[in-house]
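Ligands are counted one by one from 1 in listed order, and the atoms in each one are counted from 1 as well. Since the model is a prediction, treat every value here as computed from it, not as a measurement.
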Amino acid sequence: MAIRRAKITVVGAGFTGATTALMLAQKELGDVVLVDIPQLENPTKGKALDMLETGPVQGFDSNIIGTSNYEDTKDSDVVIITAGIARKPGMSRDDLVNTNAGIVRSVCENVKKYSPNSYVILLSNPVDAMTYAANETLGFPKNRVIGQSGVLDTARYCTFIAQELNVSVEDVRGVVLGGHGDDMVPLVRYTSVGGVPIEKLLPQERIDAIVARTRVGGGEIVNLLGNGSAYYAPAASIVQMTEAILKDKKRVLPVIALLEGEYGYENLFMGVMAVLGGDGIEKIIEIELTAEEKAALDKSAESVRNVIKVVNG
Ligand SMILES: NC(=O)c1ccc[n+]([C@@H]2O[C@H](COP(=O)([O-])OP(=O)(O)OC[C@H]3O[C@@H](n4cnc5c(N)ncnc54)[C@H](O)[C@@H]3O)[C@@H](O)[C@H]2O)c1
Ligand SMILES: O=C(O)C[C@H](O)C(=O)O
């Protein structure tokens, strides 16, 4: 049988969806189907065509189409869901829950129908609860329902550390666990630069300031943009996760996964370290935590549970 390119559907052709589609094509991870609502069919087709015409200049052969018809998404290998509304200054991600739960559920009905074997990556916020809602509608095995938060939150954390120390971002390693909210848990003890623990390189008050800035990193961008939220780093994060799956890279990344006993949590979707490869979430890596770190994770888990309660009505 002829080898075919991977097929990647991106639902939501707004800031994050369109940026993700272009980055996927630039890395030639597969052919891309960009989907939005019927009222935006022409602009979606227009964005896709504009991206496709980037190919001859940048030297990629990925196909990109825009559509509002889920027939076009049939048999996708990976489906990325960015559909929904974004927050504005003064709002929390949790304020989006009711609107976006309805959108995510309706999108997932189509994913289930047209791409029943796909790996599904959620971006829509509040993303822990949206991953929970998606999982309910999809009914897929838990390794195939994945949320994006930790790659982005860790990228912000590492950016701030590299800036502070004036070193390459490539040499900074960090871990952020928990929900994608202001009580997420950057793990200072597991953060290093060139293998040296961060606590040996920076005074505690600078570390505390970086942790605090990381926790509100999304809000910082929302306030600067004024009418929407971040999309370049979120898209890059989604693309890294998609690449890990399609190339079976077995990357060790923080992802939103269904927890069934890990860290003592049951039936909860939240950010944890995992091995992400050709079978999606292949393994959750449970990290040893101090009592203080576990208390912070419990607090974050409680916030996620409260939003999931809203999803459950
Ligand atoms: N998890 C994260 O780290 C993260 C990062 C960035 C953004 N987000 C979230 O991603 C979502 C999208 O952000 P954005 O900046 O792209 O917003 P955006 O408004 O630019 O784009 C959203 C798109 O979704 C489309 N849409 C709405 N309902 C749809 C449906 N039923 N089917 C298909 N498309 C539909 C809209 O028409 C719009 O084009 C938001 O909820 C935002 O909060 C999450
Ligand atoms: O902050 C937001 O609302 C968008 C996203 O979750 C982010 O962290 O950038």
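Residue Ser229 has at least one heavy-atom neighbour below 4.0 Å for each of these atoms of ligand 2: 2 (C), 3 (O), 4 (C). Atoms of ligand 2 found under 4.0 Å from any heavy atom of Gly218, numbered from 1 in the order shown, are 1 (O), 7 (C), 8 (O), 9 (O). Close contacts between ligand 2 and Arg87 involve ligand atoms 1 (O), 2 (C), 3 (O) [criterion: under 4.0 Å to a heavy atom]. Every atom of ligand 1 is numbered from 1 in the order shown, and the set under 4.0 Å from a heavy atom of Val127 is 1 (N). Taking every heavy atom of Ala230 and a limit of under 4.0 angstrom, the matching atoms of ligand 2 come to 9 (O). Applying the 4.0 Å criterion to heavy atoms of Asn100 picks out, from ligand 1, the atoms 41 (O).
Side-chain contact annotation: Thr73 with Thr9, donor-acceptor N/O pair under 3.5 Å absent.
Of all the heavy atoms of Asn125, the ones lying under 4.0 Å from any atom of ligand 1 are found in both the backbone and the side chain. For Ile103, every heavy-atom contact with ligand 1 shorter than 4.0 Å involves the side chain, none the backbone. Both the backbone and the side chain of Gln148 come within 4.0 Å of ligand 1, counting heavy atoms alone. Under 4.0 Å from ligand 1, the heavy atoms of Pro234 that appear belong solely to its side chain. When non-hydrogen atoms are compared, ligand 2 lies under 4.0 Å from the side chain of Leu152 (C-beta onward) but not from its backbone. At a heavy-atom distance under 4.0 Å, only side-chain atoms of Arg156, from C-beta outward, approach ligand 2.
Note that the CG atom of Leu52 and the CZ atom of Phe60 stand 7.0 Å from one another [nearest 0.5 Å]. Here OG1 of Thr20 is found 9.5 Å from CG of Leu34. Values are rounded to the nearest 0.5 Å. For the atom pair Tyr265 OH and Leu259 CG, the distance stands at 8.5 Å (nearest 0.5 Å). To the nearest 0.5 Å, atom OG1 of residue Thr214 and atom CG of residue Asp153 are 8.0 Å apart.
Of the candidates Tyr232, Tyr70, Tyr231, Phe15, Phe15 brings a heavy atom nearest to atom 18 (P) of ligand 1. By heavy-atom distance, the residue among Gly217, Gly228, Ala13, Ser124 lying nearest atom 10 (O) of ligand 1 is Ser124. Comparing Leu96, Ile85, Asp36, Leu123 by heavy-atom distance to atom 41 (O) of ligand 1, the nearest is Ile85.
Close to ligand 2: Asn125, with a non-hydrogen atom less than 4.0 angstrom away. Note on ligand 1: Ala230 sits in its first shell, one or more heavy atoms being nearer than 4.0 Å.
Of the protein's heavy atoms, Ala86 CB, 4.0 Å lies nearest to atom 17 (O) of ligand 1. Shortest contact from atom 30 (C) of ligand 1 to any protein heavy atom: Ile37 CG2, 3.5 Å. Scanning all protein heavy atoms for the shortest distance to atom 6 (O) of ligand 2 gives His180 NE2, 2.6 Å.
Considering backbone and side-chain N/O of Thr16, one or more are found under 3.5 Å from N/O of ligand 1. Where the criterion is an N or O separation shorter than 3.5 Å, residue side chain and backbone included, Ser149 fails it with respect to ligand 1.
Cluster membership for Ile245 and Val252, using ILVMFWY side-chain heavy atoms within less than 4.5 angstrom, is shared.
Closest approach of Thr67 and Thr44 over heavy atoms only: N-CG2, 3.8 Å. When all heavy atoms are compared, the tightest approach of Ala83 to Ser124 is O-OG, 2.6 Å.
Shown here is Lys142, whose NZ atom has more than 12 heavy atoms of other residues, nucleotides or ligands within 6.0 Å. When the shell of 6.0 Å around NZ of Lys74 is examined, it contains 12 or fewer heavy atoms from other residues, nucleotides or ligands.
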